[in-house]
Amino acid sequence: MTPAAEARHTSLTRLEQAAGEVFGYAEEQGPVLSRSSLLLSSSGLAIATVATALAATITYLV
């Protein structure tokens, strides 16, 4: 990484930390798996598709 890129990265990191402190997020937390991230993953999408197809089939047969 060039010195200019390193300086920009450091500057942006400081800016993010300052903005986080302003909004009450003083310390960065680790990534948290949420429901929305499950639906955005490819396996989550596949599971949702199968569940929808199964529900539609059961509804059609009933």
Side-chain angles (χ1 to χ4, degrees):
M1 192 180 268
T2 65
E6 183 69 33
R8 282 192 302 268
H9 178 71
T10 304
S11 175
L12 286 174
T13 302
R14 287 185 195 142
L15 181 65
E16 285 180 349
Q17 289 174 349
E21 289 175 4
V22 168
F23 290 106
Y25 299 102
E27 293 184 18
E28 187 173 325
Q29 298 176 352
V32 177
L33 183 62
S34 65
R35 267 190 184 171
S36 62
S37 65
L38 176 63
L39 290 177
L40 295 177
S41 68
S42 59
S43 60
L45 185 60
I47 291 170
T49 303
V50 169
T52 303
L54 182 63
T57 302
I58 290 171
T59 304
Y60 177 76
L61 294 175
V62 171

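The first residue in the sequence is number 1, and the count goes up from there.
With a 4.5 Å cut-off between side-chain heavy atoms of Ile, Leu, Val, Met, Phe, Trp and Tyr, the cluster of Ile58 takes in Leu54, Val62.
Here the CD-NE2 distance, from Glu6 to His9, works out to 6.5 Å after rounding to the nearest 0.5 Å.
No donor-acceptor pair closer than 3.5 Å links the side chain of Ser11 to the backbone N or O of Ala7.
Proximity of Glu16 to Leu12: side-chain heavy atoms (C-beta onward) are nowhere separated by under 4.5 Å.
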